[in-house]
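Contents: one structure, followed by commentary.
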Amino acid sequence: MEFVADFHIHSKYSRATAKNLDLENLYINAQLKGITVLGTGDFTHPGWWRQIRQKLVRAEGGLFKLNESIARQCDQNVPPPCRRDVRFMLVTEISNIYKKADKTRKNHNLVFLPDLDSAQTLINRLDKIGNIRSDGRPILGLDARNLLEIVLETSDEGYLIPAHIWTPWFSLLGSKSGFDCIEECFEDLSHHIFALETGLSSDPPMNWRVSSLDRFALVSNSDAHSPAKLGREANLFDTNLSYGAIKKALEGGEEGFLGTIEFFPEEGKYHLDGHRKCGFRSMPAHTNELDKICPVCAKPLTLGVLYRVEQLADRPENYRCESARFHQNLIPLEDILSEVYQVGPKTKTVTQAYQRLIQRYGSEFYILRDIPLEDLKKFNYPLVAEAILKMRKNDVHFDAGYDGEFGKVRLFNADERDRLQGQCCLFETTGEKKTAQVKKTQKIASKFIPKPTSQFPQSAKKPVKKIFIFNSGQQAALDHCQGPLIIIAGPGTGKTRTITSRITALIKTGKVKADRILAITFTNQAANEMRNRLTDMLDGSTVTAQLHIGTFHGICLGLLKQVHGADSLSIADETLKKSIMADALYQLKSKGHRFDFSDDFFLQIISKAKQQLLGPTDDLGSVLETGQQDAVSQTVAKVYQTYQDLLNLQNLVDFEDLIYQTVCLLKKDSAWRRKLQERFSCIFADEFQDINYSQYQFIRLLAPEKANLCVIGDPDQAIYGFRGSDVRYFTKIIDDYPESRIVFLSQNYRSTKTILNSSFQVIKGRQIQIRQGSGARTYSNRSTDQCLTIADAPSARSEAVAIGCSIEKLIGGTGFHAVDFGKVGDSGEGSLSFMDIAILFRTMEQGRLIRDVLESAGLPCQLASRQDWRSRPTVAKFIALLRIIAGQGAFWDLTHLQDLTSAPIGKNTLLAFKNWSYEKKLNLAAALQTLTKNPVPEFNKVQRFELEALICFVNSIKQKTAGFNLSQTLSHLADMTGHQSWFKNENFQELAQRAGSYEDNILGFLNDLALKKDTDFYHPGAQKIALLTMHAAKGLEFEVVYIAGCEQGLIPFKHHRDNGAGSIDEERRLFYVAMTRAKEQLFLTWSRKRVIYGKILDGELSPFVKKIEKDLIQHMNQTGQKKRRCEQLSLF
DNA sequence: ACACCATGGCTTTTT
DNA sequence: GCCATGGTGT
């Protein structure tokens, strides 16, 4: 059957749409227009999705219809001659904003799916990627190619059609942020794209001029934001009514896609070029004469669709494509009536006339396209009839649309109007044959569909290897050959590049063998980064694999394994550590000790002690607060000893032990030490300002006085003093290695002068003097006219909103605050994308608020959080279980067995069992074994029963999984405990996936897991705004940085009961670190009121910022600059 | 064993 | 202002 379809519409849940855009009104208005198949639009929105599932029911072939009772009610509002069946199809539009090939891309894409299940699957996947709840047309920081991939994975029948491909702001081929061809955007998946939406401002003949579009079906949809706009463009089909048939027709295999109903492109909003605000419009040729500059305001013109088409066209005007289908240009009846009556399209006159017409004659499409001439003659509306005739003959004139302004129809001149109104029935047969265009029978099948060009040159994207030119400092660091080298490198001075270049040079010149190099970092992230860069620079991973790159803890674990054997060490993570401490305190309490301190207090002290290489029997005075020493040190020593005994009993080490024990061994075993010193003849230590005593000693022991030790860091970026790091070791190393060469890297390649000068004001005079004359400032050559911005807001929330607005301006509009996408971007930079922007703050609390505000505005952002993946219930459970199987379980692990066995062990039994075992100095594995051999009378009947069941359970698992590799073991565990559902659990899946490479080495797996919990902290590649604490931002860089909460009390941070002012310099450095993350632009924002601990406090600008402000003002006065370098942003 | 209230403490955080 | 902890009471 023949029918009209409009796939691209929206719901009331999209921004800037009509309130009455619900399924009922869509159903009614589709009939008034004469549309049979309607896209649902917006199905990723939870509200609309609920409506869809409630009100739509399955119809034939993957289509849906409004449920019977609602439909019958609605039909009362549909004039009988208009009534028809209406089918819905699951379609949604996604706004993709992302960076690709160094340019920000913004395009909109239609996604089609055949059934509710696959739609739900897609919703779930997109939900994880971005915020789909705040708008019917969600903005995702997702590459369109990857969206397509997801759609294809979701359903075999799913497909994607790029939307309104020519509009300047948000489209595939758009002039502002588009590509030049389809393959650039969809790469290897391009052949899955078979149709393109031409959009209101272009029609098929314009598209025919671009030969690369020949193979695509050109569809047209309304993109309706209100029911009245339905079908202003639409598609004609002759297929049976089903999802599959429509897809096939579009794919072109069959002839069911007849063609399209079009707007006159001149009526579209972006047909010509111009400036709406300036009231200036021009044709492409004229635009070029003007150099694309607006003669009114001298800014670049908004280039329209016609311009862009001519840019990409490889064929002349009026070229007719061989595969062309039928198309017909129509003017919405409302617009015709508006022109006829010389009143606005939304006026009562027009609405009433419209109603009368469709009640009498039928649907709008019937009136516009099909009413026979004879009937038109008898029309009571001569001007309307003439207008329709003119339209059908294409005898229409326009003031064409430009820069978001719709074009205006001009059907009659004054003469014509008078004449027609005078003579009511003018219609002789003036030889008006139905124009060829109106004959629907004209079908031109697309016989020729070129083979997909999947060979898009991938190589073009491979980054060309850059040839670096080193500055004198860097060169000195590279040229240094023997002995200790200390590199002091300010922010953005090419620290990593220098260190990796040095390593590369050492290997390539054959001076050092790769396997004798040891590179130590603090974080896994840094280690990975270094490894990746080296792999690039060393042309392959074979050499890199021989290098020893790792974190302090990782390297020490490896060394301890050498000594203790691989399977006798298990790392006690945070939770386990706490349980052991609880056990220790319990034991002491039951012996009559009383404490006024929490577990955390003791753990903290012990951790500090270990960092100072102090054991339980050493004098702990130095790690205690002054005044506490005598009173507490005895207790602490006792707790420390007990805690340590419990760790030892169970072969557990905590994080600090890894380094502490390694250092102790190195001290004791001089043969081993010498062996290692020879082995690692070349040692690199990164981020040296963050080192603590034990780590320093570790390096001292590995690297003798004249060793090839290279340390690199920046004392001014030392921000981890609160966890034991001490920047003084940077000074100490110079004394301890008197022959060391010191190199300063002071040229910053990252930030502009403005940013760097400002940041210097913060630390000026407070720099840590490594030696006389050091503390030279980092400088930059990058001039800019970009100001530093200091801005205030009335509240923390409005501060967040202001940041959001500011970002939107920078990005050049996201389509949200602009109605439709009309008024965006005069001030837009255009080249920025979300991933180039970071918002930094001091506390997570601020971060959460900012995230909430940005997300509800639909701006994609990621709040970096180090929530421990392993403490999620499923993961924790399996880790506990694996520990038990590996014979390394702690008693605490038993609490995780609750829902794994049919006979869980009770609290009392566990306690009794634990106490008994501790008494007998048995760890879990040993205790279980002892009990297996000879049951003990100490326990009562119930306890004995529970313990037997436990032993039985553990043994049976052990037996059944013997010889299994880890993944097999995991599946077996899920299976045998009756938790098959876990196979679908994503945490379980991730665990299984990570376990994959460990064969049967459970302990190795668990230890790595404990040392590498960097799973989803922050994704640098994600197309999202980064929300980071100032600490977490260290080592990263962004084009634009906002530092929020620049207030007294927050920066520097004032703890509510913090008495010591000792950390103020660290706070200063932290702010310095934060500021120097910015490359191009830096915003410092603060709030005049802020709620802290429930109290509303008056804010005052941070003293650090005041310093900057003062300097900038002074600088302005001195140089007499007119240019404001420091400006107040007016936020609202 | 659980429900209830009161109190206190609030940051940054790799491994 | 909110959450977690701990103590008391049923």
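Proteins get letters first, then strands, A, B, ... in listed order; numbering begins at 1 in each. Note that these values count all heavy atoms, side chains included, but never hydrogens, waters or copies made by symmetry. Note that the coordinates shown come from a computational prediction; the quantities given were computed from them, not determined experimentally.
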Give a yes-or-no answer on whether the side chains of A:E946 and A:T909 include a donor-acceptor pair shorter than 3.5 Å. yes
If you restrict it to nitrogen or oxygen atoms, what contacts under 3.5 Å exist between nucleotides 2-7 of chain C and the protein, and what is each distance?
none

Respond yes when some side-chain nitrogen or oxygen of A:T843 is under 4.0 Å from OP1 or OP2 of B:dT12, and no when none is. no
Is A:M844 touching bases, backbone alone, or none of the nucleic acid, heavy atoms closer than 4.0 Å? sugar-phosphate
Can a donor-acceptor pair be found between the side chains of A:D1008 and A:Y998 at a distance below 3.5 Å? yes
Rounded to the nearest Å, what distance is computed from the CG atom of residue A:L559 to the P atom of nucleotide B:dT15? 18 Å
When rounded to whole Å, the NE2 to P distance for the pair A:H1031 and B:dT15 reads 15 Å
Once you round it to whole Å, what is the distance between C1' of B:dT12 and CD of A:E845? 14 Å
Mind calculating the distance between CD (A:Q846) and C1' (B:dT12) to the nearest angstrom? 11 Å
With side chains defined as the heavy atoms from C-beta onward, is the minimum distance between A:I699 and A:F688 less than 4.5 Å? yes
Residues that A:Q661 engages under side-chain contact (heavy atoms from CB on, under 4.5 Å), provided they are two or more places apart: A:L560, A:H564, A:Q644, A:V653, A:D657
Under 5.5 Å between ring centres and under 30° between planes: does that hold for A:F722 against the base of B:dT12? yes
Whether A:Y1093 stacks on the six-membered ring of B:dC10 base, 5.5 Å and 30° limits: yes
Any ion pair linking A:D654 and A:K610 (charged N to carboxylate O, less than 4.0 Å)? yes
Please give, in whole Å, the distance from B:dT11 C1' to A:Y720 OH? 12 Å
Using a 4.0 Å heavy-atom cut-off across all strands, classify A:F522 as base, sugar-phosphate, or nothing. sugar-phosphate
Per the salt bridge (charged side-chain N to carboxylate O under 4.0 Å, His left out) rule, what does the pair list look like for residues 838-850 of chain A, sequence neighbours excluded? A:R842-A:E1067
Between CG of A:L1028 and C1' of B:dT13 the distance, given in whole Å, is 14 Å
Between A:L1011 (CG) and B:dT15 (C1'), how many Å, whole number? 6 Å
Record whether the side chain of A:R723 comes under 3.5 Å of the base of B:dT13 through a donor-acceptor pair of N or O atoms. no
So with a 6.0 Å cut-off around OH of A:Y586, is the heavy-atom count from everything else above 12? no
A:I1051 has an atom CD1; how far is it from atom C1' of B:dT11, in whole Å? 13 Å
When the P atoms of C:dA4 and B:dT11 are compared, how many Å lie between them, rounded to an integer? 12 Å
